[in-house]
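These notes are about the structure you will find just below.
Hydrogens, waters and symmetry mates play no part in the numbers below; they use all other heavy atoms, side chains included. We number each residue from 1, following the sequence as shown.
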Amino acid sequence: MSNFKSNVITLALIGLTSTAMMASAQAAGPSGTAADYGTLAPATAAARTIVINGDTKWVNVENGETVQFSVGGQTFTWNFSTFPGTTSFDLSKISPAGVQFGNVRVYVASNPLYRG
């Protein structure tokens, strides 16, 4: 077999493998864990800080935003990356163990980069 033909076959196989891997990643749905809402981030990545106190009932964030939460002297920073259609959830779903606060709801607006 010629080098050219061998290279074409190799590239075709790589393309098929990549397509299959991307399709399986996109097919994955919510896992029921904090990862459904984003990831912990370093404090230096936060664009703003939201202070949670006893009167806080909800907070507003945007999908794609990184926010530091301050709760009773403890802090954690979160980068929001939610599944399409996820517009709210309880803050307790993403807070680290030991961070205590009342029942606070997170409302997630769509990312302004993708608004029509």
(message) With side-chain contact (heavy atoms from CB on, under 4.5 Å) as the criterion, how do K57 and V104 come out once you've worked through the C-alpha distance, each side chain's angles and the decisive distance to 0.1 Å?
(response) CA-CA 5 Å; K57 301 296 179 211; V104 177; over 6 Å; no
(message) Taking transitive links into account, so neighbours of neighbours count too, which hydrophobic residues share a cluster with V51 at under 4.5 Å side-chain distance?
(response) none
(message) Contact between F80 and T66 at the side-chain level, heavy atoms closer than 4.5 Å - yes or no?
(response) no
(message) I need the minimum non-hydrogen distance between A46 and T77, along with the two atoms involved.
(response) CB-CG2, 3.9 Å
(request) Check for a donor-acceptor pair, side chain of N53 on one end and backbone N or O of D55 on the other, with a separation under 3.5 Å. (result) yes
(message) Could you tell me if the side chain of F69 sits less than 4.5 Å from the side chain of V99, heavy atoms only?
(response) no
(request) First locate atom CD1 of I94, then atom OG1 of T33, and finally report the distance between them rounded to the nearest 0.5 Å. (result) 12.0 Å
(request) Say whether, by atom type as modelled, one donor and one acceptor occur between the side chain of N63 and the main chain of T82 under 3.5 angstrom. (result) yes
(request) Find the distance between CD (E65) and CG (N79) and round it off to the nearest 0.5 Å. (result) 9.0 Å
(message) Applying side-chain contact (heavy atoms from CB on, under 4.5 Å) to V108 and T87, what does each step give before you reach the verdict?
(response) CA-CA 5 Å; V108 184; T87 58; 5.7 Å; no
(request) State which residues pass ring-ring contact (aromatic ring centres under 6.0 Å, His included) with F89; sequence neighbours excluded, sorted by chain then number. (result) Y37
(request) Determine whether I52 and L91 make a side-chain contact, defined as any pair of heavy atoms from C-beta on separated by less than 4.5 Å. (result) yes
(request) Return the minimal non-hydrogen interatomic distance between N60 and R48, and the atom names on each side. (result) O-NH2, 2.5 Å
(request) Taking all heavy atoms of K93 and all of A34, pick out the closest pair and write down the distance. (result) O-CB, 3.3 Å
(message) Within the structure provided, determine whether R105 and D90 are in side-chain contact (heavy-atom separation under 4.5 Å).
(response) yes
(request) List the steps and the verdict of side-chain contact (heavy atoms from CB on, under 4.5 Å) for T49 and V67. (result) CA-CA 6 Å; T49 299; V67 175; over 6 Å; no
(message) Could you list the cluster mates of W58? Members are the ILVMFWY residues connected by side-chain heavy atoms closer than 4.5 Å, either directly or through other members.
(response) Y107
(request) Measure from the side-chain N and O atoms of D36 to the backbone N and O of S31, and report whether any donor-acceptor pair falls under 3.5 Å. (result) yes
(message) Once rounded to the nearest 0.5 Å, what's the spacing between atom OG of S95 and atom CD of Q74?
(response) 9.5 Å
